Amino acid sequence: MNVSAPLTPFNSPAEQDLPMILETLPDPAVEGQGCPRRTRQQIDLILLAIEALDLGGSEAILAFAQELDLKGIIKDRVNLWRMRSTNPLRRANIRRPLTIMEAKALVVISCYLARRLTVVIRQLLMINQQMVEKQIPLEQNLRLSNYLERFRAHFRSRMNKRRSGLMALNSDDKLNELAVSLLAQLLFCTGTAGMQRFWISLFDGEVE
């Protein structure tokens with residue numbers, strides 16, 4: 001092993017090689033080059049909701065990485081998994097930082113996917129509101145029930161239920177609430193300057 005070689009963790013691309021789309025997101029005033037814990041959690045959960053909405057969600061993430069010229073950051077499925085596994089709530093948590101550039105790339109892709117799914121997201125939120133107002137069990141609507149069921153399955157298979165942060169999410173009802181709140185966040189991403197506003201919200205309370 002050549003210990004004298006400079007360390008270049010995660011093969012971060014040089015600044016001059018970064019796609020211009022990432023420049024639309026401001027650099028947060030956080031210490032170091034890694035994202036805070038809450039930021040990593042939220043990005044992973046947003047992607048989890050997208051996967052529950054779109055059965056081809058994982059492939060779509062990689063496809064948008066190619067389309068948006070982000071393959072230099074999100075190279076392949078394994079690379080994507082490593083980024084998402086920086087979420088400390090995951091079963092297979094990887095103790096490495098999620099860099100700001102990696103986070104930007106994931107947020108850009110999440111927002112583009114949210115825009116593609118805007119109609120579906122609006123419809124599910126409307127259905128949920130109507131059923132709550134009429135006090136009808138959510139599982140009685142097939143479309144909403146399918147989304148909630150997929151989200152719960154994804155969440156339980158990938159997250160470590162022993163983590164203290166997950167103790168409050170030990171029931172179907174609690175996970176349903178989380179799934180619906182993530183739909184609202186996805187809709188937020190599709191609005192005017194939604195991508196920038198969502199990005200900034202990920203660091204609320206984290207900046208100096």
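FYI, the numbering just counts along the sequence from 1. Remember, predicted model here, so these are calculated numbers, not experimental data. Note that these values count all heavy atoms, side chains included, but never hydrogens, waters or copies made by symmetry.
Remark: the backbone N or O of Asn146 is not paired with any side-chain donor or acceptor of Glu149 at under 3.5 angstrom. At least one donor-acceptor pair closer than 3.5 Å links the side chain of Ser201 to the backbone N or O of Phe198. The main-chain N or O of Met20 is never found under 3.5 Å from a side-chain atom of Thr24 such that the two would form a donor-acceptor pair. With Arg40 contributing its side chain and Cys35 its backbone, the two residues share a donor-acceptor pair below 3.5 Å.
Atom OG of Ser85 sits about 7.5 Å away from atom CG of Asn93, to the nearest 0.5 Å. Residue Gln66 holds its CD atom at 10.0 Å from CG of Leu68, rounded to the nearest 0.5 Å. For the atom pair CG of Leu47 and CG of Asn87, the computed distance is 10.5 Å after rounding to the nearest 0.5 Å.
Taking the six-membered ring where tryptophan is involved, the planes of Phe151 and Tyr147 are tilted, since the angle between them lies from 30° to 60°.
At a threshold of 4.5 Å between non-hydrogen side-chain atoms, the residues Ile73 and Thr99 do not count as touching. Contact annotation: the side chain of Arg38 never approaches that of Phe203 to less than 4.5 Å [non-hydrogen atoms, C-beta and beyond]. By the 4.5 Å heavy-atom criterion applied to side chains, Leu106 and Leu80 are counted as neighbours. Side-chain contact between Val120 and Asp54: absent, with no pair of heavy atoms (C-beta onward) separated by less than 4.5 Å. The closest side-chain heavy-atom distance from Leu25 to Ile100 is not below 4.5 Å. Side-chain atoms of Glu139 and Asp172, non-hydrogen and from C-beta on, never get closer than 4.5 Å to each other. In this structure the side chain of Glu51 never reaches within 4.5 angstrom of the side chain of Arg150, judged on heavy atoms. Counting heavy atoms from C-beta on, the side chains of Ile200 and Pro26 come closer than 4.5 Å.
Taking the ring centre of Phe155 as origin, the terminal cationic atom of Arg152 falls outside the region bounded by 6.0 Å and 45° from the ring axis.
With sequence neighbours left out, Val119 forms a side-chain contact (heavy atoms from CB on, under 4.5 Å) with Gln123.
Between Arg96 and Glu102, at least one side-chain nitrogen of the basic residue sits less than 4.0 Å from a carboxylate oxygen of the acidic one, meeting the salt-bridge criterion.
Atom CZ of Arg122 is surrounded by 12 or fewer heavy atoms from other residues, nucleotides or ligands within 6.0 Å. Residue-environment remark: CZ (Arg82) stays at or below the threshold of 12 foreign heavy atoms within 6.0 Å.
Residues Met126 and Leu53 fall into different hydrophobic clusters, defined by Ile, Leu, Val, Met, Phe, Trp and Tyr side chains chained together at heavy-atom separations under 4.5 Å. One hydrophobic cluster, built from ILVMFWY side chains closer than 4.5 Å, holds both Leu125 and Ile127. Residues Leu187 and Leu48 share a hydrophobic cluster, clusters being chains of Ile/Leu/Val/Met/Phe/Trp/Tyr side chains in contact below 4.5 Å.
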*Please lay out, stage by stage, how Glu23 and Lys104 fare under the test salt bridge (charged side-chain N to carboxylate O under 4.0 Å, His left out).*
CA-CA 9 Å; Glu23 297 178 6; Lys104 284 185 177 183; over 6 Å; no

